[in-house]
Amino acid sequence: MSPLATAVNDWFRSTGRDLPWRRPGFTAWGTLVSEFMLQQTSVNRVIPHLEAWLERWPAPADLAAVPPGEAVRAWATLGYPRRALWLHQAAVQITERHDGTVPADIADLIALSGIGDYTSRAVAVFAYGERHPVVDTNTRRVIARAVHGRADAAPPAKRDLSDMDALLPADDVEARVFNAGMMELGALVCVARTPRCDSCPVADLCAWRAAGYPEYDGPRTPVQKKFAGSDRQVRGLIMRELRAAHGAVTDAEIATLWTDEAQLARAIAGLLADGLAVSTASGYVLP
DNA sequence: AAGCCGTGGTA
DNA sequence: TTACCAAGGCT
């Protein structure tokens with residue numbers, strides 16, 4: 001094993017957090033659900049929803065048996081509610097195509113709704129112990145700094161996967177720990193804004209530190225548009241209303257949520273197109 | 001393939 | 001307060 005992998009794995013085994021999806025016996029379905037929820041939502045916000053979700057729907061077939069709107073409602077305020085829709089779709093696909101068992105093959109996983117490069121590998125590795133590189137935003141940042149000597153990662157690219165693959169220990173178990181450890185390191189120590197280099201287990205090996213912490217000069221990932229006043233905010237307000245409603249939500253009720261009518265119309269049209277809302281004679285409802 | 005998609009925490 | 005950031009994926 002490389003010195004980097006040795007240091008990361010030692011550190012992770014001694015100080016890694018005790019998270020639900022790291023408990024022995026945690027199911028592959030649980031891993032899949034947790035990864036969906038963790039897409040752009042932080043660990044602390046995910047945990048309570050994850051546990052409630054798995055208690056209610058302990059297997060893919062349980063979720064597949066209820067209407068998608070139930071998933072969207074249970075998703076609550078986790079954000080990006082399309083993920084709830086896709087998770088429900090994935091549950092249906094797993095039930096139909098894989099007899100209710102979460103597949104272990106990356107190609108099978110990536111063919112499911114809402115599962116891409118990251119999530120497919122995370123499930124194959126963390127749920128099934130297969131040996132693959134897993135690359136997320138944390139991993140990319142750690143590699144950018146420790147290996148490439150840059151202050152930050154460039155926008156995601158295919159190169160990231162081969163970078164991680166080159167560092168991956170040959171042994172399946174060590175590779176799995178390394179994947180988790182790199183993410184943990186990026187989440188707790190080698191963080192985006194103010195990295196805690198003083199307490200970093202790989203400080204001695206870090207190329208960025210060795211180079212004297214040069215500033216980032218490469219291409220930046222574009223900044224997100226402002227949320228306040230955006231269409232996304234309007235969609236969020238409407239979704240909140242749909243989740244809370246017992247019956248249908250009328251146009252009159254929707255009109256009270258936002259003053260800009262054009263924006264309201266765009267939001268509704270978008271939600272209908274996305275399948276997050278359905279139009280009925282009496283108003284809008286969850287699917 | 002650049003832009004879009006929620007929500008809350010943090011400095 | 002504003003702006004950044006968060007275990008991405010889809011079109």
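Order of the sequence lines sets the chain letters (A, B, ...), proteins ahead of strands, with each chain counted from 1. All values reported here derive from a predicted model rather than from experimental measurement.
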Give one of base, sugar-phosphate or nothing for A/V223, where a contact means two heavy atoms less than 4.0 Å apart.
sugar-phosphate

How long is the line joining CD of A/Q39 and C1' of C/dG8, in whole Å?
5 Å

For A/R121 and C/dG8, give me the distance from atom CZ to atom C1', rounded to whole Å.
14 Å

Take atom CD1 of A/I268 and atom P of B/dC5, then tell me their distance rounded to the nearest Å.
14 Å

Whether the side chain of A/S282 engages the backbone of A/A248 through a donor-acceptor N/O pair (distance < 3.5 Å, no angle test) should be reported.
no

Can you name the atoms? Protein N/O to nucleotides 7-11 of chain B N/O, anything below 3.5 Å, with the distance.
from: B/dT7; atom 1: OP1; to: A/R243; atom 2: NH2; distance (Å): 2.8
from: B/dT7; atom 1: O2; to: A/R45; atom 2: NH1; distance (Å): 2.9
from: B/dG9; atom 1: N2; to: A/R193; atom 2: NH2; distance (Å): 3.3

Roughly, in whole Å, what's the span from CG in A/L32 to P in C/dG9?
11 Å

If the P atom of B/dG3 is compared with that of C/dA7, how far apart are they to the nearest Å?
23 Å

By the 4.0 Å heavy-atom rule, please label A/L19 as base, sugar-phosphate, or nothing.
base

For the side chain of A/Q233 and the backbone of A/G229, is there at least one donor-acceptor N/O pair under 3.5 Å apart?
yes

So A/W21, base contact, sugar-phosphate only, or nothing? Heavy-atom distance under 4.0 Å.
base

Residues that A/N9 engages under side-chain hydrogen bond (donor to acceptor under 3.5 Å, both in side chains), provided they are two or more places apart:
A/E174

Contact class for A/R266 (heavy atom, under 4.0 Å): base, sugar-phosphate, or nothing?
nothing

Look up atom CG in A/L50 and atom OG1 in A/T41, then write down how far apart they are to the nearest 0.5 Å.
12.0 Å

Considering all heavy atoms, the nearest A/T95-A/A61 contact:
OG1-CA, 3.6 Å

Ignoring hydrogens and geometry beyond distance, is a side-chain donor-acceptor pair present between A/R176 and A/N179 at under 3.5 Å?
no

Which part of the nucleic acid, if any, lies within contact of A/T139, taking any heavy atom under 4.0 Å across all strands shown: a base, the sugar-phosphate backbone alone, or nothing?
nothing

Options C/dG8, C/dA3, C/dA7, nucleotide nearest the side-chain atoms of A/K226
C/dA3

Please list residues of residues 91-98 of chain A whose heavy atoms come under 4.0 Å from any atom in DNA chain B, ordered by number; otherwise none.
none

Which value, in whole Å, describes the distance between the C1' atoms of nucleotides C/dG8 and B/dA1?
16 Å

Heavy-atom side-chain proximity of A/R240 to A/L257 below 4.5 angstrom
no

Whole-Å gap separating P (B/dG6) and NE2 (A/H49)
16 Å

Euclidean distance, atom CH2 of residue A/W86 to atom P of B/dC5 [Å, nearest integer]
12 Å

Without hydrogens or angle criteria, can the side chains of A/R145 and A/Y216 be said to hold a donor-acceptor pair below 3.5 Å?
no

Would a 4.5 Å heavy-atom cut-off, applied to side chains only, mark A/S34 and A/F126 as touching?
no

Students often get this wrong, so: under 4.0 angstrom with heavy atoms, is A/A192 touching a base, only sugar-phosphate, or nothing?
sugar-phosphate

Check every strand shown and say whether A/D274 touches a base, only sugar-phosphate, or nothing at a heavy-atom separation below 4.0 Å.
nothing

A/N138 CG to C/dA6 C1', in whole Å, measures 9 Å

Tell me whether the side-chain N/O atoms of A/R83 come closer than 4.0 Å to OP1 or OP2 in C/dA7.
no

Could you state the atom-to-atom distance from CD1 of A/I106 to P of C/dG9 in whole Å?
12 Å

Looking only at atom P, what distance separates C/dT1 and B/dG6, rounded to whole Å?
24 Å

Does A/R45 reach the main-chain N or O of A/T77 with its side chain, forming a donor-acceptor pair under 3.5 Å?
yes

